[in-house]
Visitor: 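Before we start, here is the structure in question, set down as structure tokens.
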Amino acid sequence: MTIENVMAKDIITIHKDQTVSDALKLMSKHKISRLVAISPKSGEVAGIITEKDMAIKIASSKYENVPLSHMRISTIMTPDVITAKTSDSKVRVLKTMVDKHIGGIPILDDENKVVGMVTKTDFLNDMDAEQYKETPIKEIMTNRVVTVGPDDRLVHARRLMIDNDISRLVVVNSGLIMGIITAKDVARTVIDFKKRVPEKYQHSQIRNLFVQEVMSQTIETTTKDASIADVAEIMVANEFSGMPVSDDKNKVQGIVSKTDILKYVYDHNRKRGNY
């Protein structure tokens with residue numbers, strides 16, 4: 001089966017000379033976490049921008065004094081984009097996503113024009129869930145969880161995301177799960193902050209933002225004995241990229257992401273000769 005049968009065809013793109021604010025509005029409106037940046041002259045793929053890119057870069061010292069109206073997509077996008085062709089097999093594309101640790105791949109036609117996008121969610125929707133109803137999530141979850149406290153500063157949370165190359169942190173207090181903070185939360189908060197706080201005060205005041213002001217407090221957790229199929233269904237239905245794993249006392253035991261599930265799906269099928 002080719003990737004054309006799995007990919008989303010009505011994709012949202014953005015011109016590389018539009019602003020970061022434009023990108024965030026599109027992501028929020030269409031409930032997506034990445035955008036393909038297009039060259040307005042040629043119409044070809046110029047880069048890709050994700051929520052993680054925004055969270056990391058717009059709050060960095062390099063850009064902290066740059067007004068959002070002056071911050072173009074081209075300055076913070078990833079220019080070297082991994083793409084695939086409509087004729088490529090879905091197995092090859094899934095392997096690329098797993099090996100390269102990327103969440104989405106633009107799909108091009110024979111003229112190198114973008115005609116689709118495939119994401120982790122597309123592959124989760126496409127997987128045969130029956131194969132994974134007996135496998136508990138503890139088999140694939142990440143046991144070492146990077147956590148942050150509600151009273152920690154937002155800049156500290158952002159630093160943890162960068163240092164650990166992750167897009168979410170579990171917020172804990174005395175070992176109990178209090179919430180979760182994601183790259184999307186960081187990006188939206190910093191952009192809103194830049195809009196409402198005068199530029200001359202931004203440098204000092206942004207360091208006084210705390211995790212508890214930004215985190216999502218109402219979150220859904222799973223248990224280590226829940227099946228991979230059930231957790232995948234919850235993630236897709238609720239548009240989660242990751243879920244904390246807790247015990248019956250709400251203490252954090254691990255975390256599982258879409259990447260963890262897809263890696264298992266790929267390895268499971270490869271070992272059985274399906275790929």
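All figures in this text were calculated on a predicted structure; none of them were measured in a lab. When reading the values below, keep in mind they use all heavy atoms of this one structure, side chains included, and skip hydrogens, waters and symmetry mates.
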Visitor: Rounded to the nearest 0.5 Å, how far apart are NE2 of His101 and OG1 of Thr96?
Guide: 12.0 Å
Visitor: Might you work through the salt bridge (Lys or Arg N to Asp or Glu O under 4.0 Å) test for Arg92 and Asp88, ending with a clear yes or no?
Guide: CA-CA 7 Å; Arg92 177 184 177 278; Asp88 287 341; 3.0 Å; yes
Visitor: Please check if any side-chain donor atom of Ser33 sits under 3.5 Å from a side-chain acceptor atom of Lys184, or the reverse.
Guide: no
Visitor: Are Ile76 and Val20 side-chain neighbours, meaning at least one heavy-atom pair lies under 4.5 Å?
Guide: yes
Visitor: Looking only at the side chains, is there a donor atom on one of Lys85 and Asn112 sitting less than 3.5 Å from an acceptor on the other?
Guide: yes
Visitor: Is there a side-chain contact between Leu160 and Ile162 in this structure, where contact means two heavy atoms from C-beta onward sitting under 4.5 Å apart?
Guide: no
Visitor: Passes salt bridge (Lys or Arg N to Asp or Glu O under 4.0 Å), Lys52 versus Asp165? Steps please.
Guide: CA-CA 9 Å; Lys52 187 177 176 182; Asp165 193 24; 2.4 Å; yes
Visitor: Does any non-hydrogen side-chain atom of Ile107 lie less than 4.5 Å from one of Ile3?
Guide: yes
Visitor: Would you say the side-chain atoms of Thr2 and Lys90 include a donor-acceptor pair closer than 3.5 Å?
Guide: no
Visitor: Got a donor-acceptor contact below 3.5 angstrom from the Ser42 side chain to the Glu44 backbone?
Guide: yes
Visitor: Provide the closest heavy-atom pair for Leu169 versus Ile180 in the form atom of the first, atom of the second, distance.
Guide: O-CG1, 3.2 Å
Visitor: For the pair Phe240 and Ile219, evaluate side chain to side chain contact (heavy atoms under 4.5 Å, CB included) and give the outcome as yes or no after the intermediate values.
Guide: CA-CA 10 Å; Phe240 295 155; Ile219 62 167; over 6 Å; no
Visitor: Could you measure the distance from the CD1 atom of Ile11 to the NZ atom of Lys9? Nearest 0.5 Å is fine.
Guide: 12.5 Å
Visitor: For Asp122 versus Ala8, what's the shortest heavy-atom pair and its separation?
Guide: OD2-N, 4.1 Å
Visitor: Do Arg168 and Met161 come within less than 4.5 Å of each other through their side chains, counting heavy atoms only?
Guide: no
Visitor: Against Val231, only a single residue in Val236, Ile137, Leu124 fulfils side-chain contact (heavy atoms from CB on, under 4.5 Å); can you say which?
Guide: Ile137
Visitor: For the atom pair CE (Met117) and OG1 (Thr83), what is the distance rounded to the nearest 0.5 Å?
Guide: 10.5 Å
Visitor: Considering residues at least two apart in sequence or located in another chain, which fulfil the side chain to side chain contact (heavy atoms under 4.5 Å, CB included) criterion with Pro79?
Guide: none
Visitor: Taking C-beta and beyond as the side chain, do Met97 and Phe123 meet within less than 4.5 Å on heavy atoms?
Guide: yes
Visitor: Side chains of Leu154 and Phe210: does their closest heavy-atom pair fall under 4.5 Å?
Guide: no
Visitor: Any heavy-atom pair between the side chains of Val45 and Leu108 that's under 4.5 Å?
Guide: yes
Visitor: Taking atom CG of Leu209 and atom CG of Asp152, what is their separation to the nearest 0.5 Å?
Guide: 13.5 Å
Visitor: For the pair Lys113 and Asp109, find out whether any cationic side-chain nitrogen is under 4.0 Å from an anionic carboxylate oxygen.
Guide: no
Visitor: Out of curiosity, Ile228 CD1 to Asp230 CG, how far, rounded to the nearest 0.5 Å?
Guide: 10.5 Å
Visitor: Over all heavy atoms of both residues, which pair between Ile82 and Lys100 is shortest? Give the atoms and the distance, please.
Guide: CD1-CG, 3.8 Å
Visitor: Taking the side chain as everything from C-beta on, heavy atoms only, tell me whether Asp247 gets closer than 4.5 Å to Thr223.
Guide: no
Visitor: Looking only at heavy atoms, which two atoms of Ala46 and Lys16 are closest? And how far apart?
Guide: CB-CD, 3.9 Å
